[in-house]
K.L.:
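Before I ask anything, here is the structure I am working with.
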Amino acid sequence: MIRITLPDSSVKEFNAASVDGDAIAASIGEGLRKAAIAMTVDGKLVDLKTPITKDAAVSLITARSDDGVEIIRHSTAHILAQAVKELYPDAQITIGPVIDDGFYYDVSFKKAISDTDLAAIEKRMEEVVSRDLPITREVWNRDDAVKFFKAQGEAYKAEIIGDLPATEVISVYRQGDFVDLCRGPHLPSTGKAGVFKLLKIAGAYWRGNSDNEMLTRIYGTAWADKKDLKAYLTRLEEAEKRDHRKLGRELDLFHLQEEAPGQVFWHHKGWTLFLGLQEYIRSKLAKHDYQEVNTPQLIDSVLYKKSGHWEKFGTENMFIVKDEEKERTYAMKPMNCPCHIQIFNQATKSYRELPLRMSEFGTCMRNEATGARHGIMRVTSMTQDDAHIFCTQEQIEGEVVKLCNLIKEIYNEFGFTDMFVKFSDRPEMRVGSDTVWDHAEAALRNACEAAKLPWKLNPGEGAFYGPKLEFVLRDAIGRDWQCGTVQLDFNLPVRLEAFYVDEHGEKKNPVMIHRALLGSLERFTGILIENFAGNFPLWLAPTQLVFSGITDKQNDHVKELVAQFKAAGIRVQGDFRNEKINYKIREHSHQKVPYIGVIGDKEIADGTVTVRRFGSNNQTTMTVTAFLAQLQDEIRTRALPQPVTGAENAA
RNA sequence: GCUCGUGUAGCUCAGUGGUAGAGCACUUCAUUGGUAAUGAAGAGGUCGGCAGUUCAAUCCUGCCCACGAGCACCA
């Protein structure tokens, strides 16, 4: 007798030596028996067919749950692998994990395939699904498994098994003739999958190491039903519409061109955004006692040899300028820190001057790997809202807490909600004693806790000179970008001989905190464009308001209004073109101008303006004075825009 | 840097081994129109660059550059 407790606390009794999920589901109802794809037994996720031999708490999993969808994706990855092996028998399969919204499988093909081959693979996958092959789990002996996969010509699989810890149970899943190493769990049969789509192919290094062979990664997505798949594909399309490169062109913000790879040609509107961000950050700097400085672009390599950057990044990643005549070698500055230390070192510093916070909107140039550049998110020439805080060991924690709070405050003001913090602790190769590292890591951790920032550990990924926090934001299509950062540095002040005199008259090296709030202004602008889909908050919007008359009869009055609002500090334009008001509304709406003010004879007579706010189809007539006050209030409070509704507005 | 792909008018895209088209934008003219496209006419391109094959290349081949997706990298 086996007693199975279900999630609703009811108990089913089975008169047998063992029972499986299929039987449990069947005892509840035929519908559930068909829908069940896996189960948890005492909280552990297992295959539906796993025999249960003693009393247990069981919860059946269907495609309706997150676990269910994950299993579907995982099994679909196996179906992909099977289809690939059937179509390309000499291909070797490697790993095929589940990722956000889908899965991928890395394959080593003898002959390269391209995305046009995906259709055929997808078709074969559908055949595998229609065969409805039972998927069964087997536990194998390690040596047999290695031998089996070697015999199959699957060298990568054999390598994976060989590297599994001795304690790991080697399980394989069989579906028809296809056998794959896998921890599971999986669907009971291939017929339970079926709502999927292969999306793209790309290269990926075996085991993520660029010294290894490059495999072909096939990306796919899989869902519980067609509706979910369609919703996902629609979501992808919508995300493409907010791509900052597309909006950058459409809204006349910036452009990039071949002659200056990775460097932004900021058009007036984009530059207005950029300057708006800079002014915003300056207002924060003033409140938090920073000294803004500015340092040279082109610096003798001697300085970078001393700082250690030359050795690490040198000619590969720095732009070198040679002055043949004077026999000097310069580098475009790739970061600001060595320069800031030069300013720090210009006069003997007292402990009384610490913490000393030095900031710069420094333009840095980095010769990035060609494949790394991406729109304005990853550029060759970038402007950081950079600062270095020179402080004592004791001051670290206080400073980091302040920084975490400040960054959190700033991101909140932009309305970012899904920001997360990566905390990278000590790497194997590092400078500084363990005591110093203990202290530094604790300071960062405590600061996160104090600022109530959720963080995840990125073990061993700290810089060799100190641990760091990275503040990560997500773009329209779900890619993560590091924006703000807080890094502790015990190394550079020593190498570049920065000192302060402590209260006992002794010379000491300060600790340096590298920090950026927005990170690269180019990247942050890109993130903003995507996040707001070009519908910027009024305080940032390049053009805040457009006035237009109904006909050219009102032009003189409109000119006066433009002058009045301009004088009041509003970024306003008049539209005097010989076009109908419908045409102008349409065009300025496409440009996502926050306010359109329309003037007809009625408005002139009443001293009013008829206002249309972007994102709404309503019009409100109000006095000119009230309108100006409303705008100024919205700007002053840095109000976030209301979400745009309606199909027409979303276009 | 690596894998696969892309590059035709300002933008979005057709197209062909015999030196090119559409829509929008632009210019001109007419129109004075109350909240998402008024009409007509005109102008606009070394088909990413260099080399090769060919009587002939935007199209085929090679190399280079840039861009895209991803991997690696990211001081």
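In this text the structure is predicted, and so the values were computed from the model without any measurement. Protein chains get the first letters and strands the later ones, always in sequence-line order, with residue 1 at the start of each.
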K.L.:
Watson-Crick or G-U wobble partner for B/A69, using a 3.5 Å limit on both distances?
P.N.:
B/U3

K.L.:
Is there a donor on the side chain of A/D552 or the base of B/U32 sitting less than 3.5 Å from an acceptor on the other?
P.N.:
yes

K.L.:
At 4.0 Å (heavy atoms only), tell me whether A/T610 reaches a base, stays on the sugar-phosphate, or touches nothing.
P.N.:
base

K.L.:
Which nucleotide sits closest to the side chain of A/R612: B/A36, B/A69, B/A72?
P.N.:
B/A36

K.L.:
In this structure, how many angstroms lie between the P atom of B/C74 and the CD atom of A/Q487, rounded?
P.N.:
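Nearest whole value for this atom pair: 12 Å.
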
K.L.:
B/C74, B/U38, B/C2: which one has an atom nearest the side-chain heavy atoms of A/R366?
P.N.:
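For A/R366, the side-chain atoms sit closest to B/C74.
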
K.L.:
Indicate, with a heavy-atom threshold strictly under 4.0 Å, whether A/E603 touches base, sugar-phosphate, or nothing.
P.N.:
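Counting heavy atoms under 4.0 Å across all strands, the contact made by A/E603 includes a base.
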
K.L.:
For B/C50 and B/G7, measure between their C1' atoms and round to the nearest Å.
P.N.:
16 Å

K.L.:
Regarding A/K553, tell me which of base, sugar-phosphate or nothing describes its non-hydrogen contacts under 4.0 Å with the strands shown.
P.N.:
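Here A/K553 touches no strand at all.
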
K.L.:
How far, in whole Å, is B/U16 from B/U8 if one measures between their C1' atoms?
P.N.:
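Here B/U8 and B/U16 have their C1' atoms 12 Å from each other.
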
K.L.:
Regarding A/D601, tell me which of base, sugar-phosphate or nothing describes its non-hydrogen contacts under 4.0 Å with the strands shown.
P.N.:
base

K.L.:
Need the pair for B/C74. Rule: Watson-Crick or G-U wobble, both distances under 3.5 Å, any strand; none if unpaired.
P.N.:
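Here B/C74 is not engaged in any pair, so there is no nucleotide opposite it.
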
K.L.:
Got more than 12 heavy atoms from elsewhere within 6.0 Å of NZ, A/K123?
P.N.:
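12 or below, so no.
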
K.L.:
Considering only NZ, NE, NH1 and NH2 on the basic side and carboxylate oxygens on the acidic side, decide whether A/K241 and A/E238 come within less than 4.0 Å.
P.N.:
yes

K.L.:
Using purine N1 to pyrimidine N3 plus N6-O4 or O6-N4 for Watson-Crick, or N1-O2 and O6-N3 for G-U wobble, each under 3.5 Å, what pairs with B/G33?
P.N.:
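Its partner is none (no Watson-Crick or G-U wobble pair with both distances under 3.5 Å).
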
K.L.:
Need one value for A/S210: base, sugar-phosphate or nothing, where a base atom within 4.0 Å counts as base even if backbone is also close, heavy atoms only.
P.N.:
sugar-phosphate

K.L.:
Could you please name the option among B/A72, B/U38, B/A75 that lies closest to any side-chain atom of A/A369?
P.N.:
B/A72

K.L.:
Select from A/Q554 and A/L256 the residue whose nearest nucleotide in RNA chain B is closer to the 5' end of that strand.
P.N.:
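Upstream on the strand: A/Q554.
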
K.L.:
Quote, to the nearest angstrom, the C1' distance that separates B/A66 from B/U27.
P.N.:
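After rounding to an integer number of Å, I get 32 Å for this pair.
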
K.L.:
Among the candidates B/U38, B/A66, B/G1, find the nucleotide nearest to the side-chain atoms of A/E258.
P.N.:
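Of the options given, the side chain of A/E258 lies nearest B/A66.
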
K.L.:
Looking only at atom C1', what distance separates B/A41 and B/U35, rounded to whole Å?
P.N.:
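So the two C1' atoms sit 29 Å from each other.
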
K.L.:
Just how far is it from atom CD of A/Q554 to atom CD of A/E560, taken to the nearest 0.5 Å?
P.N.:
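Rounded to the nearest 0.5 Å, the CD-CD separation comes to 12.5 Å.
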
K.L.:
On the side chain of A/Q257, is there an atom forming a donor-acceptor pair with the base of B/G48 - under 3.5 Å, no angle test?
P.N.:
no

K.L.:
Identify whether any heavy atom of A/Q619 sits under 4.0 Å from a base atom; if not, whether one sits that close to sugar-phosphate; answer base, sugar-phosphate or nothing.
P.N.:
base

K.L.:
Select base, sugar-phosphate, or nothing to describe what A/G375 touches, counting heavy atoms under 4.0 Å on all strands.
P.N.:
sugar-phosphate

K.L.:
Could you measure between the two C1' atoms, the one in B/C60 and the one in B/U53, and give it in whole Å?
P.N.:
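About 8 Å, rounded to a whole number of Å.
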
K.L.:
If the P atom of B/G17 is compared with that of B/A40, how far apart are they to the nearest Å?
P.N.:
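Looking at atom P only, B/G17 and B/A40 are 35 Å apart.
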
K.L.:
As a test of reading the structure: which of B/G34, B/A36, B/A25 is closest to the side chain of A/S589, going by heavy atoms?
P.N.:
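For the A/S589 side chain, the nearest candidate turns out to be B/A36.
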
K.L.:
Quick one: look up who B/U28 pairs with, Watson-Crick or G-U, both distances under 3.5 Å, and put none if it's unpaired.
P.N.:
B/A40

K.L.:
Within this structure, what is the CE-to-P distance between A/M377 and B/C67, rounded to whole angstrom?
P.N.:
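Computing the A/M377:CE to B/C67:P distance gives 16 Å.
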
K.L.:
Donor-acceptor pair under 3.5 Å: do we get one between A/Y205's side chain and the base of B/G1?
P.N.:
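Such a pair exists between side chain and base.
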
K.L.:
Quick check: on RNA chain B, is the nucleotide nearest A/C337 upstream (toward 5') of the one nearest A/N582, or the reverse? Name the residue that is more 5'.
P.N.:
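Its nearest nucleotide lies further toward 5', so the answer is A/N582.
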
K.L.:
So what does A/E259 hit on the nucleic acid, given a heavy-atom distance under 4.0 Å: a base, only sugar-phosphate, or nothing?
P.N.:
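Nothing: the residue A/E259, judged by heavy atoms under 4.0 Å, touches no strand.
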
K.L.:
What integer distance in Å separates A/I376:CD1 from B/C67:C1'?
P.N.:
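So the two atoms are 16 Å apart, to the nearest Å.
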
K.L.:
Could you check whether A/E360 pairs with A/K333 (Lys NZ or Arg NE/NH1/NH2 to Asp/Glu carboxylate O, under 4.0 Å)?
P.N.:
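A salt bridge is present here (some side-chain N lies under 4.0 Å from a carboxylate O).
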
K.L.:
Nearest to the A/R378 side chain among B/C73, B/C2, B/G33, which nucleotide is it?
P.N.:
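In terms of side-chain proximity for A/R378, the closest of B/C73, B/C2, B/G33 is B/C73.
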
K.L.:
Roughly how many Å apart are B/G44 and B/C2, using the P atom of each and rounding to a whole number?
P.N.:
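Looking at atom P only, B/C2 and B/G44 are 43 Å apart.
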
K.L.:
Would you say whether A/F313 stacks on B/A75? The test is a distance between ring centres of less than 5.5 Å and an angle between planes of less than 30°.
P.N.:
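Base of B/A75: stacked against A/F313.
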
K.L.:
Figure out the CG/P separation between A/N555 and B/G33, and round it to whole Å.
P.N.:
14 Å

K.L.:
Assign A/L199 to base, sugar-phosphate, or nothing according to its heavy-atom contacts below 4.0 angstrom with the strands shown.
P.N.:
nothing

K.L.:
Take atom CD in A/Q257; do more than 12 heavy atoms of anything else shown fall under 6.0 Å from it?
P.N.:
yes

K.L.:
So does A/E159 pair up with A/R207, basic N to acidic O under 4.0 Å?
P.N.:
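Yes, A/E159 and A/R207 are salt-bridged.
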
K.L.:
Once you round it to whole Å, what is the distance between P of B/C73 and CG of A/N212?
P.N.:
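Between P of B/C73 and CG of A/N212: 12 Å.
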
K.L.:
Starting the side chain at C-beta, find the nucleotide from B/C73, B/A25, B/U35 nearest to A/A372.
P.N.:
B/C73

K.L.:
Just name whichever nucleotide pairs with B/G21, Watson-Crick or G-U, keeping both distances under 3.5 Å, else none.
P.N.:
B/C13

K.L.:
Any side-chain N or O of A/T370 below 4.0 angstrom from OP1/OP2 of B/G1?
P.N.:
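The answer is yes; a side-chain N or O of A/T370 sits under 4.0 Å from OP1 or OP2.
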
K.L.:
B/C63 and B/C4: how far apart are their P atoms, nearest whole angstrom?
P.N.:
12 Å

K.L.:
Looking at A/Y595, is A/R613 sitting on its ring face, NZ or CZ under 6.0 Å from the six-membered ring centre and within 45 degrees of the normal?
P.N.:
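Yes.
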
K.L.:
Less than 4.0 angstrom between a side-chain N/O of A/R373 and OP1 or OP2 of B/A66, yes or no?
P.N.:
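Yes, because at least one side-chain N or O of A/R373 sits under 4.0 Å from OP1 or OP2 of B/A66.
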
K.L.:
Side chain of A/P261 only, please: which of B/C67, B/C71, B/U35 is the nearest?
P.N.:
B/C67

K.L.:
Give a yes or no on whether a salt bridge exists between A/K305 and A/E311, defined as a side-chain N under 4.0 angstrom from a carboxylate O.
P.N.:
no

K.L.:
Choosing from B/C4, B/G70, B/G68, which nucleotide comes nearest the side chain of A/R479?
P.N.:
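Among the listed nucleotides, the one closest to the side chain of A/R479 is B/G70.
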
K.L.:
Is it true that A/R515 and A/D386 make a salt bridge, defined as a side-chain N closer than 4.0 Å to a carboxylate O?
P.N.:
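Between A/D386 and A/R515 there is no salt bridge, as every charged N stays at least 4.0 Å from the carboxylate O atoms.
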
K.L.:
Does a nitrogen or oxygen in the side chain of A/R577 sit under 4.0 Å from OP1 or OP2 of B/U27?
P.N.:
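Result: no.
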
K.L.:
Sort out the partner of B/G45 for me: Watson-Crick or G-U wobble, both distances under 3.5 Å, none otherwise.
P.N.:
none

K.L.:
Check whether any side-chain N or O of A/R249 sits under 4.0 Å from OP1 or OP2 of B/G10, and answer yes or no.
P.N.:
no

K.L.:
Within this structure, what is the CZ-to-P distance between A/R245 and B/G7, rounded to whole angstrom?
P.N.:
17 Å

K.L.:
Look at the side chain of A/K200 and decide which nucleotide, out of B/A25, B/A36, B/A69, has an atom nearest to it.
P.N.:
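Closest nucleotide to the A/K200 side chain: B/A69.
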
K.L.:
Please work out if A/G208 contacts a base, only the sugar-phosphate, or nothing of the nucleic acid, heavy-atom cut-off 4.0 Å.
P.N.:
sugar-phosphate

K.L.:
Any side-chain N or O of A/Y219 below 4.0 angstrom from OP1/OP2 of B/U3?
P.N.:
no

K.L.:
Please state whether the phosphate of B/A69, meaning OP1 or OP2, lies under 4.0 angstrom from any side-chain nitrogen or oxygen of A/H374.
P.N.:
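For B/A69, OP1/OP2 do have a side-chain N/O of A/H374 under 4.0 Å.
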
K.L.:
Pick from A/R577, A/K592, A/K580: which one makes a salt bridge (Lys or Arg N to Asp or Glu O under 4.0 Å) with A/E587?
P.N.:
A/R577

K.L.:
Would you indicate what A/N317 reaches in the nucleic acid, counting non-hydrogen atoms under 4.0 angstrom: base, sugar-phosphate, or nothing?
P.N.:
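The residue A/N317 makes base contact.
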
K.L.:
Could you check which nucleotide pairs with B/U54 in any of the strands shown, counting Watson-Crick or G-U wobble with both distances under 3.5 Å?
P.N.:
none

